[in-house]
Participant: 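Can you read through this structure? Questions will come right after.
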Amino acid sequence: MDHLSPEPVPSHGQTGHSAAPLDDLDQAIIRELRADGRMSMRALAERVSVSRSNAYTRVERLVADGVITGFTARVDPVRAGLGTAAYVLVNIEQNSWRKVSARLRDVPHIEHIAFVGGDVDLVMLVRTPDNASLRDVVLARIHAVAGVRSTRTWLIFDENPA
């Protein structure tokens, strides 16, 4: 954010700062849980070749340290009725990022908000049922937020989840 307040952005962690590096076993546990967050501790232990108690202790530490912040389901947005997706790029008024961020978190259909450096201030992933709903989110909801100066919308034609 080239032209915004130099104060740090509050987030789940300190953006740009890394915690102590995780060892190979921690990385393997994270990789397995990303693939299947519902797997049992026994299955996880077998997949990473450690005892069940060791796997449990590692996962508990990763949760306590804030490395693992939760367990979620991966949802196919199209099958969930959200077949229209777009990246919405937003420019905001200088020093308004705290208020804008708080208000945008309450706007339905915004799946992800990232403050970025460069030509825009925010990049958001928006998923809606259709183009009319997308138009409403961008023009009626996002533009209604005090501090939003302008938006650009990039419609997503196809995506391949990582």
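In this chain, numbering begins with 1 at the start of the sequence shown.
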Participant: Do we see a donor-acceptor contact under 3.5 Å between the side chains of His143 and Thr151?
Facilitator: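 Judged by distance alone, the side chains do pair up.
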
Participant: Is the shortest heavy-atom distance from the side chain of Leu82 to the side chain of His109 under 4.5 Å?
Facilitator: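 Side-chain contact under 4.5 Å: yes.
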
Participant: To check you understand the geometry: which heavy-atom pair defines the closest contact between Ala80 and Val75, and what is its length?
Facilitator: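 The answer is CB-CG1, 3.7 Å.
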
Participant: Locate the shortest heavy-atom distance separating Ile142 from Val148; write the atom from each residue and the value.
Facilitator: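 Looking at all heavy atoms of both residues, the shortest contact is O-CG2, 3.5 Å.
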
Participant: Taking Leu139 as the starting point, is it possible to reach Ile113 by hopping between hydrophobic residues whose side chains are less than 4.5 Å apart?
Facilitator: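 The answer is yes; both residues are in one hydrophobic cluster.
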
Participant: Please assess Tyr56 against Ser51 for the test side-chain contact (heavy atoms from CB on, under 4.5 Å), listing each intermediate value before the final yes or no.
Facilitator: CA-CA 9 Å; Tyr56 183 81; Ser51 69; over 6 Å; no

Participant: Tell me, do Ile110 and Arg105 make a side-chain contact under 4.5 Å, heavy atoms counted?
Facilitator: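 Side-chain contact under 4.5 Å: no.
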
Participant: Between Asp26 and Arg61, does any side-chain N to carboxylate O distance fall below 4.0 Å?
Facilitator: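 The answer is yes: the pair qualifies as a salt bridge.
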
Participant: What do the steps show when you test Asn54 against Leu25 for side-chain contact (heavy atoms from CB on, under 4.5 Å), and what is the final call?
Facilitator: CA-CA 10 Å; Asn54 191 357; Leu25 179 55; 4.2 Å; yes

Participant: Shortest non-hydrogen contact from Val100 to Leu122?
Facilitator: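 Closest approach of Val100 to Leu122, heavy atoms only: CG1-CD1, 4.1 Å.
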
Participant: Does the side chain of Met39 reach to within under 4.5 Å of the side chain of Glu32, using non-hydrogen atoms?
Facilitator: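 Yes, close enough: below the 4.5 Å cut-off.
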
Participant: side-chain contact (heavy atoms from CB on, under 4.5 Å) between Leu134 and Asp136: does it pass, once the steps are laid out?
Facilitator: CA-CA 5 Å; Leu134 177 62; Asp136 178 63; over 6 Å; no

Participant: Quick check: closest heavy atoms across Ala86 and Thr153, and the distance to 0.1 Å?
Facilitator: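 The answer is CB-CG2, 3.7 Å.
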
Participant: Run the side-chain contact (heavy atoms from CB on, under 4.5 Å) check on Leu125 and Val88 step by step: do they pass?
Facilitator: CA-CA 6 Å; Leu125 175 59; Val88 178; over 6 Å; no

Participant: Using every non-hydrogen atom in the two residues, find where Val137 and Pro108 come nearest and quote the distance to one decimal.
Facilitator: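 Taking every non-hydrogen atom into account, CG2-O, 3.9 Å.
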
Participant: Output yes when a side-chain donor or acceptor of Arg74 lies under 3.5 Å from a complementary backbone atom of Arg34, and no otherwise.
Facilitator: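 Yes, Arg74 side chain to Arg34 backbone: donor-acceptor pair under 3.5 Å.
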
Participant: Do Thr84 and Leu155 make a side-chain contact, defined as non-hydrogen atoms from C-beta onward lying under 4.5 Å apart?
Facilitator: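 In contact.
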
Participant: Check whether any side-chain heavy atom of Leu33 sits under 4.5 Å from a side-chain heavy atom of Val59, and report yes or no.
Facilitator: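 Side chain of Leu33 against side chain of Val59, heavy atoms only: contact under 4.5 Å found.
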
Participant: Are any of the side-chain heavy atoms of Arg58 and Asp23 separated by less than 4.5 Å?
Facilitator: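 Sidechains of Asp23 and Arg58: in contact.
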
Participant: Between CZ of Arg52 and OG1 of Thr57, what distance do you get to the nearest 0.5 Å?
Facilitator: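 Here the interatomic distance stands at 9.5 Å.
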
Participant: Has Asp24 got more than 12 heavy atoms of other residues, nucleotides or ligands less than 6.0 Å from its CG?
Facilitator: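 Atom CG in Asp24 is not packed in, count stays at 12 or less.
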
Participant: Quick check: does any side chain N or O of Asp121 sit under 3.5 Å from a backbone N or O of Ile92, one acting as donor and the other as acceptor?
Facilitator: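 Judged by distance alone, yes, a pair lies under 3.5 Å.
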
Participant: I'd like to know if the side chain of Asp65 and the backbone of Val67 have a donor-acceptor N/O pair within less than 3.5 Å.
Facilitator: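 No, the answer is negative, given that no donor and acceptor are paired below the 3.5 Å cut-off.
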
Participant: Is there a donor-acceptor pair under 3.5 Å between the side chain of Ser133 and the backbone N or O of Pro129?
Facilitator: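 Side chain of Ser133 to backbone of Pro129, a donor-acceptor pair under 3.5 Å: no, none is there.
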
Participant: Taking salt bridge (charged side-chain N to carboxylate O under 4.0 Å, His left out) as the cut-off, I'd like each qualifying pair that reaches into residues 122-134, sequence neighbours left out, listed once.
Facilitator: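 As it turns out, the salt bridge (charged side-chain N to carboxylate O under 4.0 Å, His left out) pairs with a partner in residues 122-134, which skip direct neighbours, are Glu111-Arg127, Arg127-Glu159.
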
Participant: Would you give the length of the straight line joining atom CG of Leu62 to atom CG of Leu22, rounded to the nearest 0.5 angstrom?
Facilitator: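 Rounded to the nearest 0.5 Å, the CG-CG separation comes to 6.5 Å.
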
Participant: If we ignore hydrogens and angles and just use 3.5 Å, is the side chain of Ser96 paired with the main-chain N or O of Glu93 as donor and acceptor?
Facilitator: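 Yes: the side chain of Ser96 pairs with the backbone of Glu93.
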
